[in-house]
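First up is the structure itself, then whatever we jot down about it.
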Amino acid sequence: MQGLVTFVKTLGPARIAAMGAVTAALIGFFAFVILRVTAPQMVPLFTDLTLEDSAAIIKDLERQSIVYELKNEGAIILVPKEKVGRLRMKLAEGGLPKGGGIGYEIFDKSDSLGTTSFVQNINHLRALEGELARTIRSIDRVQGARVHLVIPERPLFSRDKLEPSASIALKVRGQLESQQVRAIRHLVASAVNGLKPERVSVVDETGRLLADGAANDPYGTGASGDERKLAYERHLRDQVESIISSVVGPGRARVQLTAEFDFNRVTQTQDRFDPEGRVLRSSQTREEQSSTTEQQGQVSVSTELPNAQQGQQAASPRDQSKKTEEINNYEITRITETKVIEGGRVNRVSVAVLVDGIYGRNDKGELVYQERSKDELDRIAMLVRSAIGFDQRRGDQVEVVNLRFAETQSINLPEPTGLMGMLQFTKEDVMRAIELGVMLLLGLVVLIFVIRPLVRRIITPESIAALTGAPMPTPALAGVPAGIPDGIPQSEEEAKAVSSQTSKMIEFAQVQGSVHAQSIQKVGELAERNPQETVQILRQWLHETN
């Protein structure tokens, strides 16, 4: 310890401060390297976030004490790679991210007392558009949506009423089906009073028109005739391939289906009369009866007077008549039938099915091809007819042919096994390895070109003093020129100065050695003269040491 304390004292405050600075720099550098190497790999949690969603997600991450980083002004949030899946599920459970947009919460913090009716109407329109956009984004394959509503106001004293309209811009993953587009149109039309589905236009992020809102599609199908035809053919083809593949095996059948459509809209009105189906509508019966009489004798004035019957003779009936008239009105059965046949009728379906044969092995183990029997092909054709709704009256055709498929030469790349299989690195692993290599190389550069010269500059003077056997330089011997780095002479004058100083140090050491030798000699003479006192002194020193 005394030697260490002496060594520290001989260094001087300047060298101690330099060594402390070098030590602190080394500790700081290697601490930075260790923290950088051991830091978790950060990957994006969400991208293209709005400020509202970003703030809500950051608040939830801070509540869970999870480290995160922000990029692109908060639009991208980075989290440790091993926590991405769990965080996405946790945030999805809480309804984050919402995808931006303003809904009915716009009325939560508004002061309705000083708000005009115009501002209230605008806020109501914004809230309705935001709520519809959120609902549309909940549909599968829809990543983003913007809704624009046009709800005209009816002018006062006007009989004409303008119809509302809407336009929707979608950002989709993949491609939407016609049923999904139609569902979106009906969803928006049902949420807005007076809006019809055919007045809703839908486009995607590429500018492709998914539904025309020019009211030329009265049934809101959202698809043209060709698209409906292709969708119908694809649907039937998938059904036929599914049922045939379950019989002959996957990939052993090819199906081509063509459907002829009639997109004309026909309105028919027909009147039919059934003479056998008579119905009595009204009946009228009229009956008349009359009679005449003839008197005998002469006709005079006396016979016409009252009370002149005593002289008369009895009259006899001359003529009688009876008439009956009956009128019956019948209604003939009449049927009036009006038919509206919409466009999109299937006029004809043609199906061509190509199936592969049966493969087996013979006695020699060779692969042998065998054609399928006619009975099996007939059963397959029967299944196809049932799947497409075969109708012979409209001219449907089904052809099932058995042919051998062409053999394709498949290139089987050998999969690495063993050590090579374990060395299959991903792009992220390679980037991580490059980062670690750069940090290691930077550490070596700092250690060799920065730390090593500083240490040599501090240690070299003590090494020279140790080799020469001289004590550490004192203020009286500090005459070495300041321009000499590490005590190494650079010119003749400097070399002479160094040699003179060295000779002085050697002479000083010789004088000091002779003094030490004389002192030791005197101590030995005293010990020879007084051996008992010398023993007592040594014993006393030993006791003091213990």
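Quick caveat: nothing in here was measured; it's all calculated off a predicted structure.
- Partners of Asp238 by salt bridge (Lys or Arg N to Asp or Glu O under 4.0 Å), not counting sequence neighbours: none found.
- Looking at Lys374 and Glu376, no side-chain N of the basic residue comes within less than 4.0 Å of a carboxylate O on the acidic one, giving no salt bridge.
- Between Val248 and Ile380, the closest side-chain pair of non-hydrogen atoms falls below 4.5 Å.
- Although no hydrogens or angles enter the test, the distance criterion places no donor-acceptor pair under 3.5 Å between the side chain of Arg334 and the main chain of Arg272.
- Within a 6.0 Å sphere centred on CD of Gln270, heavy atoms belonging to other residues, nucleotides or ligands number more than 12.
- For Phe118, the CZ atom is loosely surrounded, since the number of other residues' heavy atoms within 6.0 Å does not exceed 12.
- Taken from NZ in Lys171 to CZ in Arg173, the straight-line distance is 9.5 Å, to the nearest 0.5 Å.
- With sequence neighbours excluded, no residue forms a side chain to side chain contact (heavy atoms under 4.5 Å, CB included) with Ser245.
- Open room surrounds CG on Asn193; 12 or fewer heavy atoms of other groups in view lie less than 6.0 Å from it.
- Put simply, the side chain of Thr269 does not reach to within 4.5 Å of the side chain of Glu337, judged on heavy atoms.
- Side chain of Arg345 to backbone of Phe263: no donor-acceptor contact under 3.5 angstrom is found.
- A 4.5 Å side-chain heavy-atom check between Ile76 and Leu70 finds every atom pair outside the cut-off.
- Using a 4.5 Å cut-off on side-chain heavy atoms (C-beta onward), Ile243 and Val247 make no contact.
- For Tyr369, the ring-ring contact (aromatic ring centres under 6.0 Å, His included) partners at least two apart in sequence or on another chain are Tyr359.
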- Task: Give the intermediate values and the outcome of salt bridge (Lys or Arg N to Asp or Glu O under 4.0 Å) for residues Lys322 and Glu287.
- Result: CA-CA 8 Å; Lys322 184 177 182 182; Glu287 184 177 351; 3.6 Å; yes
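- Pairing each heavy atom of Leu195 with each of Ser165, the nearest pair is CD1-CA, 3.6 Å.
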- Task: Check the pair Asp396, Arg348 against side-chain contact (heavy atoms from CB on, under 4.5 Å), reporting the backbone distance first and the verdict last.
- Result: CA-CA 5 Å; Asp396 293 350; Arg348 182 183 179 186; 4.2 Å; yes
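- Closest of all the heavy-atom pairs between Arg394 and Ile388 is NH2-O, 4.1 Å.
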- Take Asn123 and Arg126 through the side-chain contact (heavy atoms from CB on, under 4.5 Å) test and state the conclusion after the steps. CA-CA 5 Å; Asn123 290 338; Arg126 292 176 60 192; 4.0 Å; yes
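- Interatomic distance, OG1 of Thr267 versus NZ of Lys339, reported as 12.5 Å (0.5 Å rounding).
- Across all their heavy atoms, Val398 and Ala381 have their closest contact at CG1-O, 4.3 Å.
- Side-chain contact between Asn121 and Val119: absent, with no pair of heavy atoms (C-beta onward) separated by less than 4.5 Å.
- The closest donor-acceptor contact from the side chain of Arg208 to the backbone of Glu205 lies at 3.5 Å or more, if one exists at all.
- Nearest heavy-atom pair across Pro164 and Pro152 is CA-CD, 3.8 Å.
- Judged purely by atom type and a 3.5 angstrom limit, Arg141 uses its side chain to pair as donor or acceptor with the backbone of Gln175.
- No more than 12 heavy-atom neighbours from other residues, nucleotides or ligands sit within 6.0 angstrom of CD on Gln256.
- When all heavy atoms of Glu129 and Leu149 are compared, the closest pair comes out as OE2-N, 3.0 Å.
- Using a 3.5 Å distance cut-off with no hydrogens or angles, the side chains of Asp204 and Thr206 do pair a donor with an acceptor.
- Using a distance-only test at 3.5 Å, with no hydrogens or angles considered, no donor-acceptor pair links the side chain of Asn347 to the main chain of Glu260.
- Rounding to the nearest 0.5 angstrom, the gap separating the CD1 atom in Ile77 from the CD1 atom in Ile57 is 4.5 Å.
- Shortest non-hydrogen contact noted between Gly357 and Asn402 is N-ND2, 3.5 Å.
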- Working for side-chain contact (heavy atoms from CB on, under 4.5 Å), residues Gln64 and Lys90: CA-CA 11 Å; Gln64 300 182 32; Lys90 185 70 175 179; 3.9 Å; yes
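- Here the side chains of Val340 and Arg265 are in contact, with some heavy-atom distance below 4.5 Å.
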- Task: Dump the intermediate steps for side-chain contact (heavy atoms from CB on, under 4.5 Å) on Leu187 and Thr135, then the final yes or no.
- Result: CA-CA 9 Å; Leu187 174 67; Thr135 305; 3.8 Å; yes
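- Checked against ring-ring contact (aromatic ring centres under 6.0 Å, His included), Phe46 has no partners two or more places apart in sequence or in another chain.
- Annotation: side chain of Leu78 is not in contact with side chain of Leu45 (no heavy-atom distance under 4.5 Å).
- With rounding to the nearest 0.5 angstrom, the CG atom of Leu210 is 10.0 Å from the CZ atom of Arg185.
- Panel note: side chain Ser242, backbone Gln239; no donor-acceptor pair is recorded below 3.5 Å.
- Within 6.0 Å of CD on Glu153 lie no more than 12 heavy atoms contributed by other residues, nucleotides or ligands.
- Atoms OG1 and CD1, from Thr285 and Ile327 in turn, are 9.0 Å apart once rounded to the nearest 0.5 Å.
- Note that CZ of Arg372 is 12.0 Å distant from CG of Leu403, once rounded to the nearest 0.5 Å.
- Remark: the Ser282 side chain and the Asn329 side chain contain an N/O donor-acceptor pair separated by less than 3.5 Å.
- For the pair Glu163 and Lys196, the salt-bridge criterion is met [side-chain N within less than 4.0 Å of a carboxylate O].
- Applying the salt bridge (Lys or Arg N to Asp or Glu O under 4.0 Å) criterion to Glu233, with sequence neighbours excluded, gives Lys229.
- Ion pair Arg134/Glu131 flagged as a salt bridge, since at least one NZ, NE, NH1 or NH2 atom sits closer than 4.0 Å to an Asp/Glu carboxylate oxygen.
- Annotation: salt bridge (Lys or Arg N to Asp or Glu O under 4.0 Å) contacts of Lys83 (sequence neighbours excluded): none.
- Annotation: side chain of Pro80 is in contact with side chain of Met42 (closest heavy-atom distance under 4.5 Å).
- The 12-atom threshold is exceeded at CZ of Arg252, counting heavy atoms of other residues, nucleotides or ligands nearer than 6.0 Å.
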